[in-house]
Engineer: 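If you scroll down you'll find the structure; I have some questions about it.
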Protein chains: 2
Amino acid sequence: MSKYAEIAQDIRASIEDGAIAPGERLPTVVELCELYGVSKVTVRKAVELLAEQGLVSSRRGSGTFVKATPESKGVDGRHAGDTLYIGRTDRSIGFTNEHAHQGEVSSVVHLFAIEVPPAEVAARLDLGDEDFCYHDVRTRLLDGVPLVIEDTYMPLELVPGLKRHHVEGSIYNYLRQDLGLHLASFHRIVRAVAATAEEAGRLDIAEGDPLLELEQIGFLDSGAPFEYSVSRNVGSRSALHTINIT
Amino acid sequence: MSKYAEIAQDIRASIEDGAIAPGERLPTVVELCELYGVSKVTVRKAVELLAEQGLVSSRRGSGTFVKATPESKGVDGRHAGDTLYIGRTDRSIGFTNEHAHQGEVSSVVHLFAIEVPPAEVAARLDLGDEDFCYHDVRTRLLDGVPLVIEDTYMPLELVPGLKRHHVEGSIYNYLRQDLGLHLASFHRIVRAVAATAEEAGRLDIAEGDPLLELEQIGFLDSGAPFEYSVSRNVGSRSALHTINIT
DNA sequence: AAGTGGTCTAGACCACTTC
DNA sequence: AAGTGGTCTAGACCACTTC
(Lines give C-alpha, C1' and ligand atoms only; values in the text may rest on other atoms or scores of the structure.)
Protein backbone atom coordinates (compact mmCIF):
# COMPACT_ATOMS: atom_id res chain seq x y z
CA MET A 1 0.00 0.00 0.00
CA SER A 2 1.19 3.51 -0.74
CA LYS A 3 2.33 5.82 2.02
CA TYR A 4 -0.52 8.26 1.53
CA ALA A 5 -3.08 5.45 1.76
CA GLU A 6 -1.51 4.20 4.98
CA ILE A 7 -1.51 7.69 6.47
CA ALA A 8 -5.15 8.18 5.48
CA GLN A 9 -6.03 4.86 7.06
CA ASP A 10 -4.22 5.82 10.24
CA ILE A 11 -5.95 9.20 10.50
CA ARG A 12 -9.25 7.51 9.69
CA ALA A 13 -8.73 5.17 12.63
CA SER A 14 -8.02 8.15 14.89
CA ILE A 15 -11.30 9.71 13.81
CA GLU A 16 -13.35 6.56 14.15
CA ASP A 17 -12.12 5.68 17.61
CA GLY A 18 -12.77 9.24 18.78
CA ALA A 19 -9.17 10.38 19.23
CA ILE A 20 -10.09 13.32 17.00
CA ALA A 21 -13.69 14.33 17.67
CA PRO A 22 -16.19 15.69 15.11
CA GLY A 23 -15.68 19.41 14.61
CA GLU A 24 -12.09 19.26 15.80
CA ARG A 25 -9.09 20.19 13.70
CA LEU A 26 -6.54 17.72 12.41
CA PRO A 27 -2.85 18.45 13.00
CA THR A 28 -1.61 20.90 10.38
CA VAL A 29 -0.14 19.61 7.14
CA VAL A 30 3.37 20.47 8.32
CA GLU A 31 2.79 18.70 11.64
CA LEU A 32 1.52 15.62 9.83
CA CYS A 33 4.65 15.72 7.61
CA GLU A 34 6.84 15.60 10.72
CA LEU A 35 4.61 13.05 12.46
CA TYR A 36 4.76 10.56 9.59
CA GLY A 37 8.16 11.59 8.23
CA VAL A 38 6.91 12.31 4.73
CA SER A 39 6.74 15.28 2.40
CA LYS A 40 3.88 17.67 2.00
CA VAL A 41 2.56 16.18 -1.25
CA THR A 42 2.08 12.85 0.47
CA VAL A 43 0.16 14.33 3.38
CA ARG A 44 -2.00 16.31 0.97
CA LYS A 45 -2.92 13.15 -0.95
CA ALA A 46 -3.88 11.44 2.30
CA VAL A 47 -6.08 14.36 3.33
CA GLU A 48 -7.70 14.48 -0.13
CA LEU A 49 -8.50 10.80 0.19
CA LEU A 50 -10.18 11.39 3.55
CA ALA A 51 -12.16 14.27 2.04
CA GLU A 52 -13.38 11.99 -0.78
CA GLN A 53 -14.45 9.49 1.83
CA GLY A 54 -16.53 12.20 3.48
CA LEU A 55 -14.62 12.29 6.77
CA VAL A 56 -12.93 15.69 6.70
CA SER A 57 -13.18 19.10 5.11
CA SER A 58 -10.29 21.50 4.52
CA ARG A 59 -10.41 25.26 4.70
CA ARG A 60 -7.50 27.23 3.28
CA GLY A 61 -5.83 29.38 5.89
CA SER A 62 -7.72 27.69 8.65
CA GLY A 63 -7.20 23.94 8.84
CA THR A 64 -8.71 20.54 8.14
CA PHE A 65 -11.74 19.61 10.23
CA VAL A 66 -13.44 16.34 11.09
CA LYS A 67 -16.97 16.42 9.73
CA ALA A 68 -19.76 15.94 12.29
CA THR A 69 -21.34 13.01 10.46
CA PRO A 70 -23.99 10.75 12.00
CA GLU A 71 -21.54 7.86 11.52
CA SER A 72 -18.91 9.52 13.68
CA LYS A 73 -21.47 9.73 16.51
CA GLY A 74 -22.98 6.27 16.14
CA VAL A 75 -26.36 7.33 14.73
CA ASP A 76 -27.99 4.74 12.49
CA GLY A 77 -29.48 5.46 9.11
CA ARG A 78 -33.14 6.35 8.97
CA HIS A 79 -34.09 3.00 7.48
CA ALA A 80 -31.20 1.03 8.86
CA GLY A 81 -32.18 -2.54 9.38
CA ASP A 82 -34.88 -2.68 6.77
CA THR A 83 -32.90 -1.42 3.78
CA LEU A 84 -30.47 -3.36 1.65
CA TYR A 85 -27.88 -0.94 0.46
CA ILE A 86 -26.83 -0.99 -3.16
CA GLY A 87 -23.43 0.33 -2.36
CA ARG A 88 -21.48 2.37 0.12
CA THR A 89 -20.30 5.74 -1.16
CA ASP A 90 -21.66 4.91 -4.58
CA ARG A 91 -18.85 2.65 -5.68
CA SER A 92 -20.05 0.03 -8.06
CA ILE A 93 -18.14 -3.14 -7.43
CA GLY A 94 -20.82 -5.52 -8.61
CA PHE A 95 -23.86 -6.94 -6.96
CA THR A 96 -22.26 -10.15 -5.65
CA ASN A 97 -19.43 -8.43 -3.89
CA GLU A 98 -21.62 -5.67 -2.51
CA HIS A 99 -23.93 -8.11 -0.81
CA ALA A 100 -21.56 -10.95 -0.13
CA HIS A 101 -21.28 -10.06 3.54
CA GLN A 102 -25.00 -9.62 3.97
CA GLY A 103 -26.34 -13.00 2.87
CA GLU A 104 -26.69 -15.55 0.11
CA VAL A 105 -26.89 -14.10 -3.40
CA SER A 106 -28.69 -15.98 -6.16
CA SER A 107 -29.91 -15.23 -9.67
CA VAL A 108 -32.86 -16.17 -11.85
CA VAL A 109 -31.86 -15.89 -15.51
CA HIS A 110 -34.78 -14.80 -17.69
CA LEU A 111 -32.76 -14.35 -20.88
CA PHE A 112 -29.25 -15.11 -22.03
CA ALA A 113 -28.66 -14.64 -25.74
CA ILE A 114 -26.32 -13.20 -28.35
CA GLU A 115 -27.93 -10.60 -30.56
CA VAL A 116 -27.43 -7.36 -32.47
CA PRO A 117 -28.45 -4.69 -29.95
CA PRO A 118 -30.85 -1.79 -30.57
CA ALA A 119 -29.24 1.25 -32.14
CA GLU A 120 -29.29 3.28 -28.89
CA VAL A 121 -27.49 0.52 -27.02
CA ALA A 122 -24.96 0.05 -29.83
CA ALA A 123 -24.22 3.78 -29.70
CA ARG A 124 -23.57 3.62 -25.96
CA LEU A 125 -21.26 0.62 -26.35
CA ASP A 126 -19.38 2.27 -29.23
CA LEU A 127 -20.37 -0.57 -31.59
CA GLY A 128 -21.19 -0.70 -35.30
CA ASP A 129 -24.54 -1.68 -36.85
CA GLU A 130 -23.65 -5.35 -37.13
CA ASP A 131 -21.69 -6.00 -33.95
CA PHE A 132 -23.04 -8.66 -31.64
CA CYS A 133 -23.70 -8.39 -27.90
CA TYR A 134 -24.49 -10.70 -25.09
CA HIS A 135 -27.90 -9.77 -23.77
CA ASP A 136 -28.98 -11.08 -20.40
CA VAL A 137 -31.87 -10.33 -18.14
CA ARG A 138 -31.79 -11.64 -14.61
CA THR A 139 -33.43 -11.16 -11.25
CA ARG A 140 -31.01 -11.08 -8.36
CA LEU A 141 -32.02 -12.21 -4.90
CA LEU A 142 -30.52 -11.96 -1.44
CA ASP A 143 -31.45 -14.84 0.86
CA GLY A 144 -34.26 -15.63 -1.54
CA VAL A 145 -35.70 -12.09 -1.53
CA PRO A 146 -35.73 -10.48 -5.00
CA LEU A 147 -33.89 -7.15 -5.05
CA VAL A 148 -33.36 -6.14 -8.64
CA ILE A 149 -33.90 -6.99 -12.29
CA GLU A 150 -30.83 -6.30 -14.42
CA ASP A 151 -31.03 -5.94 -18.19
CA THR A 152 -27.46 -6.04 -19.49
CA TYR A 153 -25.68 -5.82 -22.86
CA MET A 154 -21.97 -6.62 -23.24
CA PRO A 155 -19.96 -6.59 -26.50
CA LEU A 156 -19.14 -10.10 -27.71
CA GLU A 157 -15.62 -9.09 -28.71
CA LEU A 158 -14.66 -7.63 -25.34
CA VAL A 159 -16.05 -10.51 -23.30
CA PRO A 160 -15.25 -13.77 -25.07
CA GLY A 161 -16.39 -17.06 -23.63
CA LEU A 162 -19.21 -15.86 -21.42
CA LYS A 163 -21.40 -18.84 -20.50
CA ARG A 164 -24.73 -19.27 -18.81
CA HIS A 165 -23.16 -20.38 -15.54
CA HIS A 166 -21.27 -17.06 -15.32
CA VAL A 167 -24.57 -15.23 -15.70
CA GLU A 168 -26.08 -17.40 -12.98
CA GLY A 169 -23.16 -16.42 -10.73
CA SER A 170 -21.05 -13.25 -10.87
CA ILE A 171 -20.30 -11.81 -14.31
CA TYR A 172 -17.89 -9.26 -12.81
CA ASN A 173 -15.78 -11.99 -11.24
CA TYR A 174 -15.47 -13.63 -14.67
CA LEU A 175 -14.44 -10.33 -16.25
CA ARG A 176 -11.81 -9.63 -13.62
CA GLN A 177 -10.45 -12.99 -12.64
CA ASP A 178 -10.79 -15.05 -15.83
CA LEU A 179 -10.37 -12.36 -18.48
CA GLY A 180 -8.09 -10.05 -16.47
CA LEU A 181 -10.11 -6.97 -17.40
CA HIS A 182 -9.87 -3.82 -15.28
CA LEU A 183 -13.24 -2.18 -14.63
CA ALA A 184 -12.35 1.47 -14.34
CA SER A 185 -15.51 3.58 -14.10
CA PHE A 186 -19.27 3.74 -14.40
CA HIS A 187 -21.52 6.48 -15.71
CA ARG A 188 -24.97 6.28 -14.21
CA ILE A 189 -28.35 7.90 -14.50
CA VAL A 190 -30.65 7.29 -11.54
CA ARG A 191 -34.44 7.54 -11.81
CA ALA A 192 -37.58 6.53 -9.95
CA VAL A 193 -40.01 4.49 -12.06
CA ALA A 194 -43.11 2.36 -11.56
CA ALA A 195 -42.96 -1.44 -11.76
CA THR A 196 -44.68 -3.06 -14.74
CA ALA A 197 -46.87 -6.11 -14.17
CA GLU A 198 -44.06 -8.41 -15.34
CA GLU A 199 -41.48 -6.75 -13.09
CA ALA A 200 -43.86 -6.86 -10.14
CA GLY A 201 -44.24 -10.59 -10.60
CA ARG A 202 -40.51 -11.19 -10.76
CA LEU A 203 -39.79 -8.95 -7.76
CA ASP A 204 -42.70 -10.09 -5.60
CA ILE A 205 -44.18 -6.60 -5.29
CA ALA A 206 -47.31 -4.88 -6.62
CA GLU A 207 -47.64 -3.40 -10.09
CA GLY A 208 -46.90 0.33 -9.96
CA ASP A 209 -44.67 0.06 -6.90
CA PRO A 210 -41.68 2.43 -7.03
CA LEU A 211 -38.38 1.11 -8.40
CA LEU A 212 -34.96 2.75 -8.31
CA GLU A 213 -33.70 2.54 -11.89
CA LEU A 214 -29.97 2.70 -12.64
CA GLU A 215 -29.07 3.15 -16.29
CA GLN A 216 -25.36 2.46 -16.36
CA ILE A 217 -22.44 2.30 -18.77
CA GLY A 218 -19.31 0.55 -17.48
CA PHE A 219 -15.85 1.36 -18.85
CA LEU A 220 -12.55 -0.52 -18.86
CA ASP A 221 -9.26 1.23 -18.14
CA SER A 222 -8.70 1.23 -21.90
CA GLY A 223 -11.62 3.65 -22.22
CA ALA A 224 -13.80 1.02 -23.92
CA PRO A 225 -17.39 0.57 -22.69
CA PHE A 226 -17.85 -3.07 -21.70
CA GLU A 227 -21.41 -2.95 -20.36
CA TYR A 228 -24.68 -1.16 -20.85
CA SER A 229 -27.28 -2.05 -18.29
CA VAL A 230 -30.59 -0.87 -16.93
CA SER A 231 -31.30 -2.24 -13.49
CA ARG A 232 -34.53 -1.78 -11.58
CA ASN A 233 -34.19 -2.11 -7.82
CA VAL A 234 -37.12 -2.62 -5.46
CA GLY A 235 -37.63 0.79 -3.89
CA SER A 236 -38.40 -0.51 -0.42
CA ARG A 237 -35.29 -2.73 -0.38
CA SER A 238 -32.70 -0.43 -1.95
CA ALA A 239 -30.85 2.79 -1.34
CA LEU A 240 -27.89 4.43 -3.00
CA HIS A 241 -25.35 6.31 -0.90
CA THR A 242 -23.31 9.13 -2.41
CA ILE A 243 -20.83 11.71 -1.19
CA ASN A 244 -20.53 14.92 -3.14
CA ILE A 245 -17.66 17.36 -2.80
CA THR A 246 -18.29 20.83 -4.16
CA MET B 1 -7.15 29.53 -12.29
CA SER B 2 -4.47 27.01 -11.41
CA LYS B 3 -2.18 25.56 -14.04
CA TYR B 4 -3.51 22.06 -13.71
CA ALA B 5 -7.08 23.27 -14.16
CA GLU B 6 -6.09 25.18 -17.30
CA ILE B 7 -4.30 22.16 -18.72
CA ALA B 8 -7.30 19.93 -17.97
CA GLN B 9 -9.57 22.44 -19.67
CA ASP B 10 -7.30 22.54 -22.71
CA ILE B 11 -7.16 18.76 -23.01
CA ARG B 12 -10.90 18.61 -22.49
CA ALA B 13 -11.39 20.97 -25.41
CA SER B 14 -9.16 18.73 -27.56
CA ILE B 15 -11.33 15.76 -26.68
CA GLU B 16 -14.64 17.51 -27.21
CA ASP B 17 -13.74 18.96 -30.60
CA GLY B 18 -12.51 15.55 -31.76
CA ALA B 19 -8.78 16.30 -31.93
CA ILE B 20 -8.30 13.26 -29.71
CA ALA B 21 -10.91 10.62 -30.60
CA PRO B 22 -12.60 8.20 -28.18
CA GLY B 23 -10.39 5.18 -27.58
CA GLU B 24 -7.23 7.06 -28.52
CA ARG B 25 -4.32 7.67 -26.22
CA LEU B 26 -3.39 11.04 -24.79
CA PRO B 27 0.22 12.21 -25.11
CA THR B 28 2.32 10.63 -22.36
CA VAL B 29 2.73 12.42 -19.06
CA VAL B 30 6.29 13.38 -19.98
CA GLU B 31 5.16 14.71 -23.36
CA LEU B 32 2.44 16.76 -21.69
CA CYS B 33 5.04 18.15 -19.27
CA GLU B 34 7.11 19.37 -22.21
CA LEU B 35 4.06 20.55 -24.16
CA TYR B 36 2.79 22.74 -21.33
CA GLY B 37 6.15 23.48 -19.72
CA VAL B 38 5.16 22.17 -16.31
CA SER B 39 6.28 19.46 -13.92
CA LYS B 40 4.92 15.96 -13.68
CA VAL B 41 2.83 16.55 -10.57
CA THR B 42 0.90 19.29 -12.37
CA VAL B 43 0.17 17.10 -15.38
CA ARG B 44 -0.94 14.29 -13.10
CA LYS B 45 -3.39 16.56 -11.30
CA ALA B 46 -4.82 17.66 -14.65
CA VAL B 47 -5.27 14.05 -15.77
CA GLU B 48 -6.86 13.11 -12.44
CA LEU B 49 -9.33 15.95 -12.88
CA LEU B 50 -10.26 14.67 -16.33
CA ALA B 51 -10.70 11.17 -14.90
CA GLU B 52 -13.06 12.52 -12.22
CA GLN B 53 -15.04 14.24 -14.95
CA GLY B 54 -15.42 10.89 -16.69
CA LEU B 55 -13.46 11.79 -19.83
CA VAL B 56 -10.36 9.63 -19.57
CA SER B 57 -9.03 6.50 -17.94
CA SER B 58 -5.39 5.80 -17.10
CA ARG B 59 -3.67 2.44 -17.23
CA ARG B 60 -0.27 2.11 -15.57
CA GLY B 61 2.40 1.07 -18.01
CA SER B 62 0.13 1.69 -20.94
CA GLY B 63 -1.21 5.22 -21.15
CA THR B 64 -4.22 7.46 -20.63
CA PHE B 65 -7.16 6.84 -22.94
CA VAL B 66 -10.17 8.89 -23.98
CA LYS B 67 -13.29 7.10 -22.87
CA ALA B 68 -15.76 6.19 -25.59
CA THR B 69 -18.70 7.96 -23.95
CA PRO B 70 -22.00 8.67 -25.71
CA GLU B 71 -21.32 12.38 -25.11
CA SER B 72 -18.09 12.26 -27.07
CA LYS B 73 -20.02 10.91 -30.05
CA GLY B 74 -23.05 13.18 -29.87
CA VAL B 75 -25.54 10.56 -28.66
CA ASP B 76 -28.39 11.98 -26.63
CA GLY B 77 -29.57 10.56 -23.33
CA ARG B 78 -32.38 8.02 -23.41
CA HIS B 79 -34.90 10.48 -22.12
CA ALA B 80 -33.21 13.64 -23.31
CA GLY B 81 -35.74 16.32 -24.01
CA ASP B 82 -38.37 15.15 -21.57
CA THR B 83 -36.25 14.92 -18.43
CA LEU B 84 -35.22 17.76 -16.17
CA TYR B 85 -31.88 16.83 -14.75
CA ILE B 86 -31.26 17.31 -11.06
CA GLY B 87 -27.58 17.82 -11.61
CA ARG B 88 -24.72 16.99 -13.91
CA THR B 89 -22.14 14.66 -12.41
CA ASP B 90 -23.99 14.68 -9.13
CA ARG B 91 -22.72 18.01 -7.85
CA SER B 92 -25.22 19.67 -5.64
CA ILE B 93 -25.03 23.39 -6.17
CA GLY B 94 -28.59 24.16 -5.18
CA PHE B 95 -31.80 23.94 -7.08
CA THR B 96 -31.88 27.53 -8.32
CA ASN B 97 -28.45 27.46 -9.84
CA GLU B 98 -28.91 23.99 -11.35
CA HIS B 99 -31.97 25.04 -13.25
CA ALA B 100 -31.25 28.70 -13.80
CA HIS B 101 -30.30 28.13 -17.43
CA GLN B 102 -33.31 25.97 -18.14
CA GLY B 103 -36.20 28.24 -17.20
CA GLU B 104 -37.94 30.23 -14.50
CA VAL B 105 -37.66 28.78 -10.99
CA SER B 106 -40.34 29.50 -8.40
CA SER B 107 -41.31 28.17 -4.99
CA VAL B 108 -44.47 27.52 -3.04
CA VAL B 109 -43.76 27.68 0.69
CA HIS B 110 -45.92 25.26 2.67
CA LEU B 111 -44.18 25.79 6.00
CA PHE B 112 -41.57 28.11 7.42
CA ALA B 113 -41.10 27.93 11.16
CA ILE B 114 -38.56 27.73 13.96
CA GLU B 115 -38.85 24.63 16.10
CA VAL B 116 -36.98 21.99 18.07
CA PRO B 117 -36.39 19.23 15.54
CA PRO B 118 -37.13 15.52 16.03
CA ALA B 119 -34.35 13.60 17.76
CA GLU B 120 -33.18 11.86 14.56
CA VAL B 121 -32.83 15.19 12.78
CA ALA B 122 -31.05 16.76 15.75
CA ALA B 123 -28.58 13.86 15.73
CA ARG B 124 -27.82 14.40 12.06
CA LEU B 125 -27.29 18.12 12.56
CA ASP B 126 -25.06 17.53 15.60
CA LEU B 127 -27.48 19.49 17.83
CA GLY B 128 -28.49 19.12 21.46
CA ASP B 129 -31.98 18.35 22.75
CA GLU B 130 -33.02 21.97 23.05
CA ASP B 131 -31.41 23.55 20.01
CA PHE B 132 -33.72 25.28 17.56
CA CYS B 133 -33.90 24.81 13.79
CA TYR B 134 -35.51 26.49 10.88
CA HIS B 135 -37.94 24.05 9.34
CA ASP B 136 -39.27 24.76 5.87
CA VAL B 137 -41.25 22.75 3.40
CA ARG B 138 -41.56 24.02 -0.14
CA THR B 139 -42.49 22.87 -3.60
CA ARG B 140 -40.14 24.05 -6.30
CA LEU B 141 -41.32 24.61 -9.84
CA LEU B 142 -39.64 25.19 -13.19
CA ASP B 143 -41.67 27.33 -15.58
CA GLY B 144 -44.69 26.59 -13.40
CA VAL B 145 -44.23 22.79 -13.49
CA PRO B 146 -43.73 21.30 -10.01
CA LEU B 147 -40.53 19.26 -9.75
CA VAL B 148 -39.83 18.57 -6.12
CA ILE B 149 -40.98 18.98 -2.53
CA GLU B 150 -38.13 19.82 -0.15
CA ASP B 151 -38.41 19.32 3.60
CA THR B 152 -35.43 21.10 5.15
CA TYR B 153 -34.02 21.71 8.64
CA MET B 154 -31.20 24.19 9.30
CA PRO B 155 -29.67 25.05 12.69
CA LEU B 156 -30.72 28.50 13.88
CA GLU B 157 -27.25 29.29 15.16
CA LEU B 158 -25.47 28.56 11.90
CA VAL B 159 -27.92 30.45 9.72
CA PRO B 160 -28.92 33.66 11.50
CA GLY B 161 -31.40 36.01 9.94
CA LEU B 162 -33.14 33.65 7.54
CA LYS B 163 -36.42 35.22 6.41
CA ARG B 164 -39.41 34.03 4.47
CA HIS B 165 -38.34 35.84 1.29
CA HIS B 166 -35.07 33.85 1.29
CA VAL B 167 -37.08 30.63 1.44
CA GLU B 168 -39.23 31.85 -1.42
CA GLY B 169 -36.06 32.44 -3.44
CA SER B 170 -32.71 30.71 -3.08
CA ILE B 171 -31.61 29.73 0.42
CA TYR B 172 -28.17 28.72 -0.84
CA ASN B 173 -27.53 32.15 -2.31
CA TYR B 174 -28.31 33.65 1.10
CA LEU B 175 -25.92 31.23 2.82
CA ARG B 176 -23.10 31.95 0.40
CA GLN B 177 -23.47 35.58 -0.53
CA ASP B 178 -24.99 37.13 2.57
CA LEU B 179 -23.53 34.93 5.29
CA GLY B 180 -20.29 34.06 3.51
CA LEU B 181 -20.61 30.36 4.32
CA HIS B 182 -18.73 27.77 2.27
CA LEU B 183 -20.83 24.73 1.40
CA ALA B 184 -18.27 21.96 1.24
CA SER B 185 -19.98 18.60 0.79
CA PHE B 186 -23.20 16.62 0.84
CA HIS B 187 -23.93 13.11 2.02
CA ARG B 188 -26.92 11.64 0.27
CA ILE B 189 -29.11 8.58 0.35
CA VAL B 190 -31.20 8.07 -2.78
CA ARG B 191 -34.41 6.02 -2.79
CA ALA B 192 -37.48 5.42 -4.90
CA VAL B 193 -40.74 5.99 -3.02
CA ALA B 194 -44.45 6.37 -3.79
CA ALA B 195 -46.17 9.76 -3.64
CA THR B 196 -48.66 10.28 -0.82
CA ALA B 197 -52.01 11.90 -1.59
CA GLU B 198 -50.76 15.25 -0.27
CA GLU B 199 -47.54 15.08 -2.28
CA ALA B 200 -49.44 14.09 -5.41
CA GLY B 201 -51.64 17.17 -5.05
CA ARG B 202 -48.67 19.49 -4.63
CA LEU B 203 -46.74 17.95 -7.51
CA ASP B 204 -49.66 17.57 -9.92
CA ILE B 205 -49.26 13.81 -10.27
CA ALA B 206 -51.25 10.76 -9.16
CA GLU B 207 -51.09 9.24 -5.69
CA GLY B 208 -48.62 6.35 -5.69
CA ASP B 209 -46.56 7.71 -8.59
CA PRO B 210 -42.81 7.08 -8.18
CA LEU B 211 -40.69 9.80 -6.61
CA LEU B 212 -36.91 10.03 -6.40
CA GLU B 213 -36.17 10.74 -2.75
CA LEU B 214 -32.91 12.40 -1.72
CA GLU B 215 -32.17 12.36 2.00
CA GLN B 216 -29.27 14.75 2.34
CA ILE B 217 -26.96 16.25 4.93
CA GLY B 218 -25.01 19.33 3.85
CA PHE B 219 -21.68 20.28 5.48
CA LEU B 220 -19.73 23.52 5.69
CA ASP B 221 -15.96 23.58 5.23
CA SER B 222 -15.73 23.80 9.02
CA GLY B 223 -17.14 20.26 9.18
CA ALA B 224 -20.44 21.45 10.69
CA PRO B 225 -23.68 20.14 9.18
CA PHE B 226 -25.79 23.12 8.11
CA GLU B 227 -28.72 21.30 6.51
CA TYR B 228 -30.76 18.14 6.79
CA SER B 229 -33.27 17.73 4.02
CA VAL B 230 -35.49 15.12 2.46
CA SER B 231 -36.52 16.05 -1.06
CA ARG B 232 -38.97 14.13 -3.19
CA ASN B 233 -38.55 14.66 -6.92
CA VAL B 234 -41.18 13.74 -9.49
CA GLY B 235 -39.86 10.54 -11.05
CA SER B 236 -40.90 11.37 -14.59
CA ARG B 237 -39.27 14.81 -14.45
CA SER B 238 -36.00 14.03 -12.64
CA ALA B 239 -32.78 12.10 -13.06
CA LEU B 240 -29.54 12.08 -11.16
CA HIS B 241 -26.25 11.68 -13.04
CA THR B 242 -23.22 10.18 -11.33
CA ILE B 243 -19.72 9.15 -12.33
CA ASN B 244 -18.04 6.45 -10.28
CA ILE B 245 -14.34 5.72 -10.38
CA THR B 246 -13.29 2.37 -9.00
C1' DA C 1 14.83 -3.45 -22.59
C1' DA C 2 12.12 0.39 -23.25
C1' DG C 3 8.17 2.94 -22.34
C1' DT C 4 4.23 4.08 -19.49
C1' DG C 5 1.73 5.96 -15.38
C1' DG C 6 2.03 6.28 -9.91
C1' DT C 7 4.40 7.78 -5.83
C1' DC C 8 7.54 10.51 -3.34
C1' DT C 9 11.12 14.06 -1.83
C1' DA C 10 12.63 18.67 -0.20
C1' DG C 11 12.00 22.42 -1.03
C1' DA C 12 9.50 27.19 -2.85
C1' DC C 13 5.86 30.49 -3.34
C1' DC C 14 1.15 31.85 -2.97
C1' DA C 15 -3.91 32.61 -1.18
C1' DC C 16 -6.45 32.97 2.63
C1' DT C 17 -7.69 33.29 7.74
C1' DT C 18 -6.76 34.79 12.26
C1' DC C 19 -6.48 28.67 14.93
C1' DA D 1 2.48 39.23 11.29
C1' DA D 2 1.93 34.56 11.78
C1' DG D 3 -0.23 30.48 10.62
C1' DT D 4 -2.94 27.65 7.53
C1' DG D 5 -3.87 24.85 3.27
C1' DG D 6 -3.07 24.84 -2.15
C1' DT D 7 0.00 24.77 -6.02
C1' DC D 8 4.24 23.94 -8.23
C1' DT D 9 9.21 22.60 -9.42
C1' DA D 10 12.87 19.32 -10.86
C1' DG D 11 14.10 15.73 -10.00
C1' DA D 12 14.09 10.33 -8.28
C1' DC D 13 12.48 5.65 -8.01
C1' DC D 14 9.06 2.18 -8.66
C1' DA D 15 5.15 -0.90 -10.77
C1' DC D 16 3.36 -2.38 -14.75
C1' DT D 17 2.82 -3.18 -19.91
C1' DT D 18 4.67 -4.04 -24.30
C1' DC D 19 2.26 1.48 -27.14
Side-chain angles (χ1 to χ4, degrees), chain A residues 1-9 11 20-52 55-67 176 179-182 184-185 220-224 245-246, chain B residues 1-9 11 20-52 55-67 176 179-182 184-185 220-224 245-246:
Chain A
M1 193 188 299
S2 53
K3 282 191 188 178
Y4 76 86
E6 279 181 4
I7 294 169
Q9 201 170 56
I11 297 174
I20 317 176
E24 281 187 359
R25 212 181 66 179
L26 255 55
T28 70
V29 173
V30 172
E31 285 169 350
L32 289 169
C33 288
E34 291 162 359
L35 188 58
Y36 289 104
V38 300
S39 70
K40 201 169 167 182
V41 173
T42 304
V43 165
R44 289 282 312 133
K45 284 204 77 165
V47 172
E48 276 169 22
L49 194 56
L50 292 169
E52 280 172 25
L55 274 77
V56 304
S57 186
S58 294
R59 185 181 357 190
R60 191 193 200 110
S62 183
T64 298
F65 301 86
V66 177
K67 281 160 71 175
R176 269 192 285 249
L179 296 181
L181 298 178
H182 296 90
S185 57
L220 303 177
D221 59 2
S222 67
I245 316 286
T246 57
Chain B
M1 193 189 297
S2 54
K3 282 191 190 178
Y4 76 86
E6 280 181 3
I7 293 169
Q9 202 171 55
I11 297 174
I20 315 176
E24 282 187 359
R25 214 183 64 179
L26 254 55
T28 70
V29 172
V30 173
E31 284 169 349
L32 289 170
C33 288
E34 293 164 357
L35 188 59
Y36 291 104
V38 300
S39 71
K40 201 170 165 181
V41 173
T42 305
V43 164
R44 289 280 312 133
K45 283 205 77 164
V47 171
E48 275 169 23
L49 194 57
L50 292 169
E52 279 173 25
L55 275 76
V56 305
S57 186
S58 293
R59 185 182 355 191
R60 191 192 200 108
S62 182
T64 297
F65 301 87
V66 177
K67 281 162 70 176
R176 267 191 287 248
L179 297 181
L181 298 178
H182 296 92
S185 58
L220 302 177
D221 58 3
S222 67
I245 315 286
T246 59

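Lettering follows sequence order; numbering is per chain, from 1. Bear in mind that the values here come from a model prediction, so they are computed numbers and not experimental data.
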Engineer: Using whole Å, report how far CG of L181(A) lies from C1' of dC16(D).
Structural biologist: 17 Å
Engineer: Give a yes or no answer on whether the side chain of E34(A) reaches the backbone of E31(A) with a donor-acceptor pair at less than 3.5 Å.
Structural biologist: no
Engineer: Under a 3.5 Å distance rule, please check whether E24(B) uses its side chain to pair with a backbone N or O of A21(B) as donor and acceptor.
Structural biologist: yes
Engineer: Rounding to an integer number of Å, can you tell me how far L26(A) CG sits from dC19(C) C1'?
Structural biologist: 14 Å
Engineer: Answer yes or no: does a side-chain N or O of R25(B) lie under 4.0 Å from OP1 or OP2 of dT4(C)?
Structural biologist: yes
Engineer: If we check side-chain contact (heavy atoms from CB on, under 4.5 Å) with I11(A), which of these qualifies: L50(A), V43(A), L49(A), L55(A)?
Structural biologist: L50(A)
Engineer: Write down the distance between CZ (F65(B)) and P (dC16(D)), rounded to a whole number of angstrom.
Structural biologist: 17 Å
Engineer: Among V38(A), V47(A), T42(A), find the residue that satisfies the side-chain contact (heavy atoms from CB on, under 4.5 Å) test when tested with Y4(A).
Structural biologist: T42(A)
Engineer: Roughly how many Å is it from NE2 in H182(A) to P in dT4(C), rounded to a whole number?
Structural biologist: 19 Å
Engineer: If a stem is a run of at least 3 consecutive Watson-Crick or G-U pairs, both distances under 3.5 Å, which stems include DNA chain D?
Structural biologist: C:1-18 with D:1-18
Engineer: Report yes if some heavy atom in the side chain of Q9(A) is under 4.5 Å from a heavy atom in the side chain of M1(A); otherwise report no.
Structural biologist: yes
Engineer: Which pair of heavy atoms, one from K67(B) and one from S185(A), lies closest together, and at what distance?
Structural biologist: NZ-OG, 2.7 Å
Engineer: Among the candidates dT18(C), dT18(D), dT4(C), find the nucleotide nearest to the side-chain atoms of R59(A).
Structural biologist: dT18(C)
Engineer: For D221(B) and dG6(D), give me the distance from atom CG to atom C1', rounded to whole Å.
Structural biologist: 14 Å
Engineer: Look for any protein N or O under 3.5 Å of an N or O in nucleotides 7-10 of chain D and output each such pair with its distance, or none.
Structural biologist:
unit_1: dT7(D); atom_1: OP1; unit_2: Y4(B); atom_2: OH; d: 2.9
unit_1: dT7(D); atom_1: OP2; unit_2: K45(B); atom_2: NZ; d: 2.9
unit_1: dC8(D); atom_1: OP1; unit_2: K3(B); atom_2: N; d: 2.3
unit_1: dC8(D); atom_1: OP2; unit_2: Y4(B); atom_2: N; d: 3.3
unit_1: dT9(D); atom_1: OP1; unit_2: K3(B); atom_2: NZ; d: 3.0
unit_1: dT9(D); atom_1: OP2; unit_2: S39(B); atom_2: N; d: 2.7
unit_1: dT9(D); atom_1: OP2; unit_2: S39(B); atom_2: OG; d: 2.7
unit_1: dT9(D); atom_1: OP2; unit_2: T42(B); atom_2: OG1; d: 2.6

Engineer: Figure out the CD/P separation between E24(B) and dT4(C), and round it to whole Å.
Structural biologist: 16 Å
Engineer: So which heavy atom on G63(A) is nearest to which on F65(A), and how close?
Structural biologist: O-CE1, 3.4 Å
Engineer: Between atom CD1 of I20(B) and atom CZ of R25(B), what is the distance when rounded to the nearest 0.5 Å?
Structural biologist: 11.5 Å
Engineer: What's S62(B) touching, base or sugar-phosphate or nothing? Going by heavy atoms closer than 4.0 Å.
Structural biologist: base
Engineer: For the side chain of S57(B) and the backbone of S222(A), is there at least one donor-acceptor N/O pair under 3.5 Å apart?
Structural biologist: no
